Structures are given as structure tokens and as C-alpha cells.
A.B. asks: 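Sharing a structure below in C-alpha cells format, with a few things to ask.
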Amino acid sequence: VQNVSSQIQPTSIQSEDKQPDILIDGENNFYSTELLKSDYKKANVVVHVNVTSRKLIDQIGEGKCEQDKGEGYCLYLLKAEVKEVFKGKVNKENFEFYETTDANYEFKDSLIGEKVAFLNWSDNYPNKKMSLGSIESSTRSIEQNVLEIMRKIAKENLNRKN
């Protein structure tokens, strides 16, 4: 978390619906307009999706991805329905993207459902084709007015281009 004064002690909270911990620094959080704008700028594609399935594609390290144990990383291919495009162009049918998690990440089931995904094109995936993958620690669940904020950010960026 950037620009945290030494007086503010970050705390980690876990929502009641067993979503991953969100770091809160007293003023900014994972859903702040500033962080959403920052991720928007970094991404080639920003979409509201409903992720319908996940498939383990690759593992790096000694971890056991499906048992949430060990060290390393897990690469998943997520299949999703595109609900809204905030930035970029995507094939709305058969929409897929890659997501990486730590092997010991306990909330892999939270990859399923409605999300705002911040994605970049890369050919650094097992299929060696240009594919979309999420920017590390950027995907948000649909909560805290994230869709309203993203619509505003997308509109502001569209107005700047015109």
C-alpha cells in the first residue's frame, strides 16, 4: 500500500462471505477510486465478467494447488461471460483469461463469480498464443460500488480521448 503514514497501522479484515483478506490502511483500500484508476491505466482490457469455471493449467514450485498447500504458484484458466467492457476489445463469446494464485491460497473458490478483471495481453502462457491474463492482485469482486466507480473511470478516460 502506497503513501501510508507511519501513524496508520494497516489491518487485515476478512469479510463474512469468506472472501480473501483485504488490506485497509485507514483511508485507501482495495476498492478505492485511486487504486482502481491505477489498475485501469496498467491494463489493456478491463471487464466486468461472471467467471463460470476454473481449470488448473500449470504449477510452479512444490505446492499442491488443489489442496491449498505448499510453496509455489498455480496458473488457472478461467472461463467467463462478459457483462460489460470498460476498456479494450474482447471476444465476448468463449471469453477466457489466466489468473495466478499462490499454491497455499485458501480462497480459490472465490475465483468463480462476478468480478472486475484487469487484464494484459501476453504470450507467456503454456499455449504460447497471445492471451489475456490478470494483473497481479487486481481482480475485484463486485462489492463496494466497484461497478459505479469503474463506469465513471471509463467515462472519464473516454472523454479525454475525444
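From a predicted model like this one, the values you see are computed outputs, not experimental measurements.
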A.B. asks: My understanding is that only one of N157, N159, L158 makes a side-chain contact (heavy atoms from CB on, under 4.5 Å) with K155; could you say which?
C.D. replies: N159
A.B. asks: Quick check against the 3.5 Å criterion: does K87 have a side-chain atom that pairs as donor or acceptor with the backbone of Y40?
C.D. replies: yes
A.B. asks: Name every donor-acceptor pair, under 3.5 Å, that has one atom in a side chain of residues 70-85 and the other anywhere in the protein, sequence neighbours excluded.
C.D. replies:
| unit_1 | atom_1 | unit_2 | atom_2 | d |
| --- | --- | --- | --- | --- |
| Y76 | OH | E66 | OE2 | 2.9 |
| K79 | NZ | E96 | OE2 | 3.4 |
| E84 | OE1 | R151 | NE | 3.3 |
| E84 | OE1 | R151 | NH2 | 2.9 |
| E84 | OE2 | R151 | NE | 3.0 |

A.B. asks: Kindly check if the number of other-residue, nucleotide or ligand heavy atoms within 6.0 Å of CG (N124) is above 12?
C.D. replies: no
A.B. asks: Would you mind reporting whether N104 and K69 have side-chain heavy atoms less than 4.5 Å apart?
C.D. replies: no
A.B. asks: How far apart are the closest heavy atoms of F86 and A154, and which atoms are they?
C.D. replies: O-CB, 3.6 Å
A.B. asks: Applying disulfide bond (SG atoms under 2.5 Å apart) as the test, list every pair that has at least one member in residues 103-134; sequence neighbours left out.
C.D. replies: none
A.B. asks: In terms of heavy-atom contacts, does CD of E136 have more than 12 from other residues, nucleotides or ligands at under 6.0 Å?
C.D. replies: no
A.B. asks: When you compare the side chain of I57 with that of Y98, does any pair of heavy atoms fall below 4.5 Å?
C.D. replies: yes
A.B. asks: Give me the atom names and distance for the closest heavy-atom approach of N120 to K42.
C.D. replies: OD1-O, 3.2 Å
A.B. asks: Show, in sequence, the C-alpha distance, side-chain angles and deciding distance for D68 and K108, and conclude whether the salt bridge (Lys or Arg N to Asp or Glu O under 4.0 Å) test is met.
C.D. replies: CA-CA 8 Å; D68 308 329; K108 292 182 183 91; 2.9 Å; yes
A.B. asks: S141 and K115: side-chain donor and acceptor closer than 3.5 Å?
C.D. replies: yes
A.B. asks: Is L147 linked to I153 within one hydrophobic cluster, defined over Ile, Leu, Val, Met, Phe, Trp and Tyr using a side-chain heavy-atom separation of less than 4.5 Å?
C.D. replies: yes
A.B. asks: Just so I know, are the side chains of E114 and V51 near enough to count as touching, which here means a heavy-atom distance under 4.5 Å?
C.D. replies: no
A.B. asks: Run the salt-bridge test on K37 and E156 with the 4.0 Å N-O cut-off and return the result as yes or no.
C.D. replies: yes
A.B. asks: Ring-plane angle category for Y105 and F107, please: parallel below 30°, perpendicular beyond 60°, tilted otherwise.
C.D. replies: perpendicular
